[in-house]
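Values reported hereafter were calculated over all heavy atoms of this structure, with side chains retained and with hydrogens, waters and symmetry mates removed.
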Amino acid sequence: MEAIILHDWAALAIRWVHVITAIAWIGSSFYFIALDLGLQKAPGLPDKAHGEEWQVHGGGFYHITKYLVAPERLPEHLTWFKWESYSTWLSGVAMLMVLYWAQSELYLIDPAKLALAPWGAMLISALSLGVGWVIYDRLCKSRLGENPTTLMLLLFVLLVAMAWGYDQVFTGRAALLHLGAFTATIMTANVAMIIIPNQRIVVADLKAGRTPDPRYGKIAKLRSTHNNYLTLPVVFLMLSNHYPLVFASRWNWLIAALVFLMGVTIRHFFNTMHARKPAPWWTWGATVALFLAAAWLSAQGTQRLEDEGTALTTAEARLVGDAHFDQVRDIVLGRCSMCHAAEPGWPGIATAPKRVVLETDAQIARHAREIFLQSGLTDAMPPANVSFIEPQERALLRAWFDSAGRG
């Protein structure tokens, strides 16, 4: 089987795992936040119990009791919620490597912004993910840790600064994807480096007959709350690579900032409801206003074309110089460019799908792999074959890529 086909199937398998593990992590996280906020004081609670909750699900009733520190005696079996987080992060990094590192010249590097060698782009990508955790962790461990509101504001500033910084280096798609990975790294490090170790200290104290220090639970609760507010923006950023109006806008970093604010307003509503307090309906008005502001920003101009003012790479020159290219250009311009243009001519399409513009030789060569997979090897494009591309034209696209695109 061809390497290019195996690569796409590997990418699909990793994405599948990533989505499954993310569902498990987000589900357990949201559940425990809701459970914690819904706990009620009641007479007859065991010693050191903070509250209880009765729930019904699957035909049965559940009576849940929370201890702020721990009960006097621990059972033999104790369930730890950690692998959901670890698996999500590990599969996400694997997907970053397979999609963005392995195809860095296509998805990661934007020569119009910064002419990076693939190894340089990958190095920046890898090192940048850990920077946020180091800064954030030091802020949390400083005196600011006693002021959660100020700490959240500083975290927001850090995230917006990274959004802007990523956009100065990578393609728009890669910039927002990396911002999501940057944020998710902070979240997973919170679990691996703070929450779980603190819980292990408490468990070890109990087993040794010592009284656990409640500050470990307090610290873990702060990090867990941060994760709660960051979850929805991370999901948005991971989906953003499918929507050019988000990642291809010259204001994509500012759109990302608004998304982080929407994450706060949405979670504030549900957290308040779970705590059985009056519903803050104003948060939905604020969310809609932020969303409309993001949509407005997306229409205020797109980023520069990726190949604007840059010379062809060796691989692109080989594709353009191939004997099949003149016919390929005619096929692409005739069958694809009504949508894949700087100013699409197809009704209802405001911007080129996936920000793939196919109007010049350089643009066609730059997206040769996508053309091969989407229109040569399969009939995914054009959708429903609306431009009536013929089987012999698809065969010519395959022959062109086989001849010049695999070197």
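- Checked by atom type and distance alone, the side chain of T88 pairs as donor or acceptor with a backbone atom of E84 at under 3.5 Å.
- Aromatic ring centres of W282 and F269: separated by at least 6.0 Å.
- Side chain of S29 to backbone of W25: no donor-acceptor contact under 3.5 angstrom is found.
- Looking at every heavy atom in both residues, A286 comes nearest to T265 through CB-CG2, 4.1 Å.
- For R335 (side chain) and F388 (main-chain N/O), a donor-acceptor pair under 3.5 Å exists by modelled atom type.
- With a 6.0 Å radius and a threshold of 12 heavy atoms from other residues, nucleotides or ligands, E343 has its CD atom at or below the threshold.
- Distance CG/L177 to CE/M95: 7.0 Å, rounded to 0.5 Å.
- If you check the side chains of H7 and R369, you find a donor sitting under 3.5 Å from an acceptor.
- No hydrogens or angles considered: a donor-acceptor pair under 3.5 Å links the side chains of T185 and W89.
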Side-chain donor-acceptor pairs under 3.5 Å in residues 149-165, sequence neighbours left out?
{"unit_1": "T150", "atom_1": "OG1", "unit_2": "N147", "atom_2": "OD1", "d": "3.2"}
{"unit_1": "T150", "atom_1": "OG1", "unit_2": "N147", "atom_2": "ND2", "d": "3.1"}

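- Rounding to the nearest 0.5 angstrom, the gap separating the CG atom in L258 from the CZ atom in F236 is 9.5 Å.
- For the pair E393/L397, no side-chain contact is recorded, criterion being any heavy-atom separation below 4.5 Å from C-beta on.
- In summary, the side chains of Y107 and T171 do not present any donor paired with an acceptor at a separation below 3.5 Å, with no hydrogens or angles considered.
- Not a single donor-acceptor pair under 3.5 Å links the side chain of S104 to the backbone N or O of Y100.
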* To do: Take K141 and D137, measure what salt bridge (Lys or Arg N to Asp or Glu O under 4.0 Å) needs, and give me the verdict at the end.
  => CA-CA 6 Å; K141 290 177 178 177; D137 185 53; 3.1 Å; yes
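- Proximity of a side-chain donor or acceptor of T283 to a complementary backbone N or O of I266 within less than 3.5 Å is not detected.
- Note: W400 and F325 have tilted aromatic rings, judged against thresholds of 30 and 60 degrees for the angle between ring planes.
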* Residue pair Y166, S128: steps toward the side chain to side chain donor-acceptor pair (under 3.5 Å) verdict -> CA-CA 9 Å; Y166 276 132; S128 68; 2.6 Å; yes
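- No donor-acceptor pair closer than 3.5 Å links the side chain of R173 to the backbone N or O of A248.
- The backbone N or O of G92 lies less than 3.5 Å from a partner atom in the side chain of H18, making a donor-acceptor pair.
- Residues Y136 and H226 bring a donor and an acceptor atom of their side chains to less than 3.5 Å of each other.
- Side-chain atoms of N385 and D379 form no donor-acceptor pair, as typed in the model, at a separation below 3.5 Å.
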* Verify side chain to side chain donor-acceptor pair (under 3.5 Å) between H367 and E370, making sure each step is shown before the conclusion. => CA-CA 5 Å; H367 296 286; E370 293 167 293; 2.5 Å; yes
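- In F30, the CZ atom is crowded: over 12 heavy atoms of neighbouring residues, nucleotides or ligands sit closer than 6.0 Å.
- Using a 4.5 Å cut-off on side-chain heavy atoms (C-beta onward), I33 and S224 make contact.
- Side-chain atoms of T378 come within 3.5 Å of backbone atoms of L373 as a donor-acceptor pair (strictly under, hydrogens ignored).
- Between the R267 side chain and the Y229 main chain, no donor and acceptor come within less than 3.5 Å of each other.
- More than 12 heavy atoms of other residues, nucleotides or ligands lie within 6.0 Å of CH2 in W284, so this atom counts as buried by the packing criterion.
- Here the side chain of S375 pairs a donor or acceptor atom with the backbone of M381 at under 3.5 angstrom.
- Using cut-offs of 30° and 60° on the angle between ring planes, the pair W253 and W251 is tilted.
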